[in-house]
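Working notes, structure below.
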Amino acid sequence: MMKPAKKSPASKGSSPRSDATAKAAAIVRKGERFLVATHVNPDGDALGSALALAAGLHRSGKSVTVYNADPVPYYLKFLPGSGAVTSRLLPSDRFDAVFVVDCSELARVGKAFLSRLEDFGISVVLDHHARGKRDGDVRCVDAKAAASGVVVHRLLERLGVALTKQIAVNLYVTLATDTGWFRYGNTSAGVLRLAARLVEAGAEPDRISRALQESSPPARLKLLARVLDSLELYEGGTIGLVALTRAMLKETGGTIEMTDDFVEFPRSVASVEAAALLRETPDGWRVSLRSKEAIDVGAVATGLEGGGHIRAAGFTMKGDLATVRARTVAALADALRKSPVYKRKTAC
Ligand code: 5GP
Ligand code: MN
């Protein structure tokens, strides 16, 4: 009697994930001119993914434009290729396809981009957000991937693109950013193996760490002092919240991009389960949420018209500070009260 066929590694070859990767690879092979875009307020995963993909497409002999609605933050300017990122879309720009990376929905790339979408050919989404609209003609979305860089790496492998130093540095930054320097729960053996390959290909962990973490302008520390001083604790110390006002930026001469990681500080308080950073912008308050283990802040942010992951998420809300703070705290407190982990912790 024949044994039932074992699942061979080859059977993975026809999973929806690899089908999408194969489709994306076919689009690359067929086309000549590509646009690579990512979300507003780009972080290391967004720009690292975009620049690694652009470098890979370039090596395949294609012409590539990398677009972001916002300027490259100062701490990501060392990324190889970042000097070519443009915030301008020319009326004459036409592409065979657009690759949108690290973006749960196309709207997060910005209004100027959305209004031109039909000029940009077929759209391919390369992402790792579990939620969001299912935008894009081809979707290479793996919610289990630690960073969008992992999804980009998969496509480059499929295309047979060798890991150059330029690609390796950019991909290493995607992993370092989204795993919190290989500390968070998404730091798997697979992530560490990929990181090792990137180091072999020329990524230097010490130099990348210094470039990302020791490039602060003095104004950043002045801002940090103000923001830390704004710490408020709620719900028996389980919610930690800090706020950055436009007045603080003016007083210190700092800029909002200097504060991208400030939400880590309220999270570092022992009793805090959920942390929030509220930042005043001309478009409203940009809220960053982080959690330790009790709640899914991605769900909280989605309920407030934002998005993100279980442990890191965000949304934008209009209104005065008191209102935005109250709504943020209420949403987090509600999620905490419903959390079995939280109940278990407070019971002992
Ligand atoms: P951060 O707090 O670092 O800006 O964002 C944390 C995570 O939440 C990232 O994955 C980011 O893409 C997502 N995120 C932040 N703000 C928003 C938002 O307004 N809408 C959506 N859909 N996602 C957001
Ligand atoms: Mn990401």
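What you are looking at is a predicted structure, and each value in this text was computed from that prediction instead of being measured. The basis for the numbers below is simple: all heavy atoms, side chains too, and nothing from hydrogens, waters or symmetry mates.
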Evaluation steps, side-chain contact (heavy atoms from CB on, under 4.5 Å), between R279 and M248: CA-CA 10 Å; R279 290 184 284 179; M248 291 177 190; over 6 Å; no
Close side-chain approach of L304 and R327, heavy atoms under 4.5 Å: yes
Working for salt bridge (charged side-chain N to carboxylate O under 4.0 Å, His left out), residues E157 and R197: CA-CA 12 Å; E157 250 190 344; R197 286 182 59 194; 3.2 Å; yes
Intermediate values then yes/no, side-chain contact (heavy atoms from CB on, under 4.5 Å), V109 and L114: CA-CA 7 Å; V109 183; L114 263 196; over 6 Å; no
Any donor-acceptor N or O pair under 3.5 Å, side chains Y75, D260: yes
Listed partners of D142 passing salt bridge (Lys or Arg N to Asp or Glu O under 4.0 Å), at least two apart: R17, R154
V64-V125 co-clustered via ILVMFWY side chain contacts under 4.5 Å: no
Polar side chain donor-acceptor pair, T323 to D320, under 3.5 angstrom: yes
Contacts of T281 that satisfy side chain to side chain donor-acceptor pair (under 3.5 Å) - sequence neighbours left out: none
Test side-chain contact (heavy atoms from CB on, under 4.5 Å) applied to R286 and I256, step by step: CA-CA 10 Å; R286 224 163 88 196; I256 199 158; 4.2 Å; yes
Salt-bridge contact R311-E293 (side-chain N to carboxylate O under 4.0 Å): no
R267/D261 ion pair, N-O < 4.0 Å: no
Spacing of CG belonging to N170 relative to CG belonging to L175, to within rounding of 0.5 Å: 11.5 Å
Pairwise distance OG(S63) to CG(L35) - rounded to 0.5 angstrom: 10.0 Å
Inter-residue atom distance L126.CG - F99.CZ, 0.5 Å rounding: 6.5 Å
Donor + acceptor pair across side chains of S123, D137 (<3.5 Å): yes
Separation of D102 CG from L53 CG (nearest 0.5 Å): 12.5 Å
Side-chain (R33) to main-chain (D93) donor-acceptor, under 3.5 angstrom: no
Under the side-chain contact (heavy atoms from CB on, under 4.5 Å) test, residues paired with E32 that sit two or more places apart: K62, D96
Qualifying residues under ring-ring contact (aromatic ring centres under 6.0 Å, His included), relative to F262, sequence neighbours excluded: none
Note: E251-K222 ion pair, threshold 4.0 Å (strictly below): no
Heavy-atom check, side chain of D70 versus side chain of P42, under 4.5 Å: yes
Spatial distance of atom CG (L194) from atom CG (L171) [nearest 0.5 Å]: 6.5 Å
Between F34 and F95, ring centroids under 6.0 Å: no
Side chain to side chain contact (heavy atoms under 4.5 Å, CB included), paired with R210, selected from D206, I208, L212: D206
Neighbour count >12 (heavy atoms, 6.0 Å) for atom CZ, R193: no
Side chains of W181 and T187 in contact at under 4.5 Å (non-hydrogen atoms): no
pair S104-D127: side-chain heavy atoms closer than 4.5 Å: yes
Linked, directly or transitively: L241 and L223 (ILVMFWY side chains, under 4.5 Å): no
Heavy-atom check, side chain of V36 versus side chain of T65, under 4.5 Å: no
Ion pair D334/K338, N-O distance below 4.0 Å: yes
Heavy-atom donor-acceptor pair, S82 side chain to L79 backbone, under 3.5 Å: yes
Check against side-chain contact (heavy atoms from CB on, under 4.5 Å), V141 and V151: CA-CA 7 Å; V141 180; V151 180; over 6 Å; no
A276 backbone acceptor or donor facing R290 side chain under 3.5 Å: no
Any donor-acceptor pair under 3.5 Å from S216 side chain to P218 backbone: no
Backbone of A211 reached by a side-chain donor or acceptor of S215 within 3.5 Å: yes
Side chains of H39 and N68, donor plus acceptor under 3.5 Å: no
Side-chain (W285) to main-chain (T316) donor-acceptor, under 3.5 angstrom: no
E280 side chain to R246 backbone, donor-acceptor under 3.5 Å: yes
Any residue meeting side-chain contact (heavy atoms from CB on, under 4.5 Å) with L228, in chain and number order, not counting sequence neighbours: L224, F265
All ring-ring contact (aromatic ring centres under 6.0 Å, His included) counterparts of Y172, not counting sequence neighbours: F182
4.5 Å side-chain heavy-atom contact, V72 and L47: yes
Stepwise salt bridge (charged side-chain N to carboxylate O under 4.0 Å, His left out) test for R108 and E105: CA-CA 6 Å; R108 286 209 79 215; E105 42 208 60; over 6 Å; no
Close side-chain approach of I27 and V124, heavy atoms under 4.5 Å: yes
R94 (side chain) donor-acceptor with P91 (main chain) under 3.5 angstrom: yes
Salt-bridge contact D229-R226 (side-chain N to carboxylate O under 4.0 Å): no
Exam field: side chain R183 to backbone G180, donor-acceptor pair closer than 3.5 Å: yes
Donor-acceptor pair between R59 and T164 side chains, under 3.5 angstrom: no
Test item: side-chain donor near acceptor, D178 and H128, under 3.5 Å: yes
S271 side chain to T238 backbone, donor-acceptor under 3.5 Å: no
Side-chain heavy atoms of M258 within contact of T252, under 4.5 Å: no
Straight-line distance of K23 NZ to R139 CZ, nearest 0.5 Å: 12.0 Å
